[in-house]
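Here the structure comes first, spelled out in structure tokens, and everything after it is commentary.
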Amino acid sequence: SQTIHQWPATLVQPVGSPLSLECTVEGTSNPNLYWYRQAAGRGLQLLFYSVGIGQISSEVPQNLSASRPQDRQFILSSKKLLLSDSGFYLCAWGVTGSLDYGYTFGSGTRLTVV
Amino acid sequence: AQKITQTQPGMFVQEKEAVTLDCTYDTSDQSYGLFWYKQPSSGEMIFLIYQGSYDEQNATEGRYSLNFQKARKSANLVISASQLGDSAMYFCAMSRAYGQNFVFGPGTRLSVLP
């Protein structure tokens, strides 16, 4: 069965420090991968998505970046965190062109920038 | 452009009563899917129910049912016999036959009162 792993679960980082969040998927090949951010009590904001290795599309220009070094690995990074980067980050995978196949989400990373 | 509207930022329901969470969508696609996700305070996104645009019968999954009215472009979630564990954020989402990502609504926070 397909599973998605996301870590760490929580993270407290000082302003200006780097960030690396990792997401891996098991049990499927060539998934579409997504990074979402969620402010407290708010909706989901799509940050990046990837349809294949090395293919990254950015939805929101900011100081975050994403990479997909392997088929089932998706990494969210920042060189210098801002206070506004605090939030709940969710990784998800899906299937292109499949209407009835919903997203599967990781368990999320709660990031606090101090 | 595709858009999901959830007009109820917050809802209260008494335990054991039924509750309807509203969702309307805007799309020019002929084929699409509609999903509901539950997000408890832990942050995980839990898939609840799916409705295809060509499905003639409303979807049901245990205590969850989806009141699909295609002409009105609405896909309301009905939770019967509410339980305290139903307290959470609920997101309506739409998939497309092409394109790379879902469209999510802003969410409705449901609180079940004892």
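Chain letters run A, B, ... following the sequence lines, proteins first and then strands; every chain starts at 1.
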Checklist entry - If you take all heavy atoms of A:Q38 and B:F91, which pair is closest and at what distance? => result NE2-CZ, 3.4 Å

Checklist entry - Can you hop from A:V114 to A:L19 via hydrophobic side chains spaced under 4.5 Å? => result no

Next on the checklist: Set out, in order, the CA-CA distance, both residues' side-chain angles and the distance that settles side chain to side chain contact (heavy atoms under 4.5 Å, CB included) for B:F104 and A:Y36, then state yes or no.
Outcome noted: CA-CA 11 Å; B:F104 283 93; A:Y36 284 87; 3.5 Å; yes

Next on the checklist: Running the 4.5 Å side-chain criterion over Ile, Leu, Val, Met, Phe, Trp and Tyr, what cluster does B:F12 land in, apart from itself?
Outcome noted: B:L113

Checklist outcome for this item: Most contact-rich option vs chain A, by heavy-atom pairs under 4.5 angstrom, among B:G107, B:G43, B:G105, is B:G43

Next on the checklist: Tell me whether A:L21 shares a hydrophobic cluster with A:V15, the cluster being built from Ile, Leu, Val, Met, Phe, Trp, Tyr side chains joined at under 4.5 Å.
Outcome noted: yes

Checklist entry - Hey, quick one: are B:Y50 and B:V78 part of the same hydrophobic cluster, counting side-chain heavy atoms closer than 4.5 Å, chains of contacts allowed? => result no

Next on the checklist: Please say yes or no: joined through hydrophobic side-chain contacts below 4.5 Å, possibly via intermediate residues, are A:Y34 and A:V51 part of one cluster?
Outcome noted: yes

Next on the checklist: Heavy-atom cut-off 4.5 Å, strictly under: side chain, backbone, both or neither for B:T108 against chain A?
Outcome noted: neither

Next on the checklist: Which residues in residues 74-93 of chain A have any heavy atom closer than 4.5 Å to a heavy atom of chain B?
Outcome noted: A:F88, A:L90

Item to check | Interatomic spacing from CZ in B:F102 to CG in A:L46 - rounded to 0.5 Å | outcome: 12.0 Å

Checklist entry - Around B:K70, counting heavy atoms of other residues, nucleotides and ligands shown, do more than 12 lie under 6.0 Å from its NZ? => result yes

Item to check | B:Q39 portion near chain A, given a 4.5 angstrom heavy-atom threshold | outcome: side chain

Checklist entry - Ring centroid separation for B:Y37 and A:Y103, is it under 6.0 angstrom? => result no

Next on the checklist: Surrounding CZ of A:R42 (heavy atoms of other residues, nucleotides or ligands, distance under 6.0 Å), is the total greater than 12?
Outcome noted: no

